[in-house]
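In this chain, numbering begins with 1 at the start of the sequence shown. These numbers come from a predicted model, not from an experiment.
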Amino acid sequence: MTDFSSQEALSGTFSTESHEPKFQRVFLCHNNDDKRLVRDVAEAIELEYGLPNFLDVYSIPAGAEFMSFLENELNVCNSCAIFLGGNGWGPTHLWEAERAVARFKKDPKFKLIPVMLPSIRGEDIDRLASGSVFRALNYVDFRTIPLEADSMRKLHLALTGLNDEQTTRGGLTPFILRRDARRWLERQGKDKSLLYSGAKLTEAQNLLETAGDLLDVGEVAAFVRAGADRQRQFWRNVLIATMFGAHRRFFMSLTYNGRPFNAADFAKDIEDAALEQVKEHFFERISSIRDPGTGEFPTVQVLGDRLDDIRLSVEGSPSLIEIVKCRMSDEEIRATTFTSSLQLADPTAFLSYAKEDGALAQQIAEALMAKGINVWWDQWEMGAGASLRQRIDEGLGGCTHFIVLITPISITKPWVNHEIDAGLMLRIHGQAAFIPLRSNFPATLLPPLMSGLMSPEISISAFEKSIENLANDIHGLSRRPSVGPRPATAEMPAIGYSKTATAIAKIFVELTKTALFGDPQMDTEEISIAVGASVEDVEDALHELRDLVTVSFDRVLPKTGLYATFDSYFKDWSPDKDALRIAADLINDPSMPHLAEDVASRYGWHARRLNPALAYLLSRQLIVDYQVLANDWLCFRVVKTDSTRRFVRSRS
């Protein structure tokens, strides 16, 4: 047990300030070379005594700033065990120990426990607080391997300040919860016996709330949620069975939807109705948000087939997306995919130049237009009587790339410099890329704010090559030479889905004749062979695609939304652009037909192309739902809704 008189002698003057975390835990200060032994100690005291601990390998999330996370934990933990052995001090190890000693001198409630490991050396002991920690404090002796139970008990008592009579064992700890979650995931979530229920489930839910920083929240949350789903299903079955047993005679004479009453069908219909109401609520609330500056409304999809798996997809300009986020809770934001409408449009470049360089600027503008880049050049935009300031503001506001032609003349022009200031502000706010395009101007003379930016040079003697490189940069194309062939799955485009999920979608896109639900159908084994992936990887990918496919008795049936999502990557058309064309004609052209076959004839499209565009519109409630069975068209009529006009205006 810790010698408290020695602790007082070491600590000197105490302050009354202390740091009390909501959840008691111990910081384990150790050399990374001793990690394996320290991990065994951590797991032993947690399993045996229910004492949570902070061990970096478990507790620091990916992407966190390492040293800041350690320093924060040292400020809030209740106690610190300093492990030292034959491997000596590691750089971070000694830094942690010195900060723990500094806190120990200020905080009377903070416990500091030296732990001796095998082959500890005297010179290493003396490096920390002149040796006073390991020489003045009663240490825990772990120099004998395997670790003795008595030493483990002594460490636990020292860390908690308890005596043998006060020691309690058992209970759910972060380590146990983490361990069970990983076992469940290793078995693909199929071992229901590992799931918690009752008081243990409640305890796990409380741990997620109070000790989330000690858990791998993603793994544990999925595990706890599965336990809650299982428990909810159990009580639902109990309720149904009780109702059926108590009122069996009544139910035998009762009919529902023209058939003998079935409690399970009744419960499912109730849930489905509740699901539709919740989805409609989210759609109406989010789709009604408007950007007061531009009048733009977001385009909204509500996804998910269960009440506990509702997710949102919101499309709009960056400024509108920020407004939408301000109206949503943190939980809603985490369940939402936001897509900037700028990503859906062709790049638009604002070209700033001096009047004296007008001939070169015109050459650049025309060449970029020929490369698929929409260029704002004042000579094309300014009509008689138009407001110069207003048109420039419109051009700046709608551009994805700001290009300024830097020449010895333009760099001296006040008007060009005003536009440069505006372009730099667009870059700072993430609204546009800033490209200083040099002509007869050395990069070394660029102003400081531009000197750190990529500044291509436009060469008159190699004009075509200069334009090609500039256009490739704007389109995001690499200048690297092409590499050799890769496995089929690895060649899939990076579009927000895994390579396997994208490869599965490509198969359906290439095989379907109508782009309707269930066309075609394949089983998981067939898909596994076609994409060259294991059945387990295919199952994971299908879960990823759960909004776009239905899996029934090992058969995979694509939904129409799959083609609306993936056609643009593997076909010569883009459903989102086709959808915008249809919507614009519904709003602007009184002669626009409403029968699907007439719409297809108007554009020269077949059902394979029209149906994904209709799916895009229908999923966002941009056309009326006129779906019928046994029809080649997703909707036999194409009729606008109140949202169609807002959609067209937002994309114009």
Side-chain angles (χ1 to χ4, degrees), residues 276-304 309-350 374 376 387 389-402 419 421-434 495-496 547 561 564-565 574-577 579-580 583-584 586-587 616-623 640-652:
E276 289 306 312
Q277 286 189 356
V278 172
K279 293 174 76 170
E280 184 66 24
H281 164 76
F282 276 117
F283 179 84
E284 292 295 335
R285 183 163 71 86
I286 304 302
S287 65
S288 64
I289 298 173
R290 191 175 194 180
D291 186 334
T294 64
E296 178 189 3
F297 290 91
T299 304
V300 179
Q301 280 182 287
V302 186
L303 309 170
D309 188 34
I310 292 179
R311 283 156 288 112
L312 297 172
S313 172
V314 178
E315 303 166 15
S317 66
S319 61
L320 176 60
I321 286 176
E322 290 305 312
I323 294 171
V324 171
K325 287 181 177 179
C326 291
R327 308 274 187 93
M328 301 173 76
S329 67
D330 291 341
E331 185 177 356
E332 289 171 344
I333 291 174
R334 287 192 294 270
T336 302
T337 300
F338 296 96
T339 303
S340 170
S341 55
L342 292 180
Q343 300 170 1
L344 304 175
D346 292 329
T348 299
F350 182 99
N374 186 22
W376 192 100
S387 165
R389 169 69 68 182
Q390 183 179 353
R391 297 310 300 269
I392 289 177
D393 286 344
E394 291 173 356
L396 289 169
C399 73
T400 60
H401 294 74
F402 178 92
E419 291 180 342
D421 291 341
L424 288 170
M425 289 304 297
L426 291 174
R427 179 180 181 272
I428 290 171
H429 292 294
Q431 295 175 264
F434 187 101
I495 55 177
D547 292 319
T565 302
S574 178
D576 60 303
K577 292 180 180 178
L580 179 57
L586 285 172
I587 295 299
Y616 182 96
L617 294 167
L618 193 61
S619 66
R620 293 159 175 79
Q621 300 190 26
L622 300 174
I623 57 174
K640 65 184 178 183
T641 68
D642 290 340
S643 300
T644 314
R645 174 177 45 79
R646 295 191 287 268
F647 170 70
V648 172
R649 176 182 291 178
S650 298
R651 297 300 176 88
S652 298

Between the side chain of Thr348 and the main-chain N/O of Thr400, is any donor-acceptor distance below 3.5 Å? no
Hey, does Arg391 have a side-chain heavy atom less than 4.5 Å from the side chain of Trp376? yes
Taking everything shown except Asp421 itself, do over 12 heavy atoms lie less than 6.0 Å from its CG? yes
Ignoring hydrogens, what is the shortest heavy-atom contact between Ala584 and Val648? Give both atom names and the distance. N-CG2, 3.6 Å
Give a yes or no on whether the backbone of Gly423 and the side-chain of Arg427 come within a donor-acceptor separation of less than 3.5 Å. no
For Lys325, run the side chain to side chain contact (heavy atoms under 4.5 Å, CB included) check against Val314, Leu320, Ile289, Ile333 and tell me which one passes. Ile333
How close do Thr641 and Ile623 get, heavy atom to heavy atom, and via which atoms? CG2-C, 3.4 Å
Are Arg645 and Phe647 in a cation-pi contact, defined as NZ or CZ under 6.0 Å from the six-membered ring centre and within 45° of the axis? no
Phe282 side, atom CZ; Thr336 side, atom OG1 - distance, nearest 0.5 Å: 8.0 Å
Would His401 and Phe434 count as a side chain to side chain contact (heavy atoms under 4.5 Å, CB included) here? Give the steps. CA-CA 6 Å; His401 294 74; Phe434 187 101; over 6 Å; no
Quick one: are Phe350 and Ile392 in side-chain contact, heavy atoms under 4.5 Å? yes
What's the shortest heavy-atom distance between Phe338 and Val324, and which atoms? CE2-CG1, 4.2 Å
So do Leu312 and Met328 actually touch side chain to side chain, heavy atoms under 4.5 Å? yes
What's the spacing between Ser287 OG and Arg646 CZ if we round to 0.5 Å? 6.5 Å
Within-4.5 Å side-chain heavy-atom neighbours: Leu396 and Leu426: yes
Side chains of Ser643 and Gln621: do they bring a donor and an acceptor to under 3.5 Å? no
Could you tell me the separation between the OG1 atom of Thr299 and the CG atom of Leu622, rounded to the nearest 0.5 Å? 6.0 Å
For the student: nearest non-hydrogen atoms of Gly304 and Asp547, plus distance: N-OD1, 3.4 Å
All heavy atoms of Ser619 vs all of Gln301, minimum pair found to be OG-NE2, 3.0 Å
Heavy atoms of Thr644 and Ala583 approach each other most closely as CG2-CB, 3.8 Å
For a side chain to side chain contact (heavy atoms under 4.5 Å, CB included) check, start with the C-alpha distance between Ile310 and Val302, then their side-chain angles and the critical distance, and finish with the verdict. CA-CA 7 Å; Ile310 292 179; Val302 186; 3.9 Å; yes
Please determine if Glu332 and Arg311 form a salt bridge, counting it only when a charged side-chain N lies under 4.0 Å from a carboxylate O. no
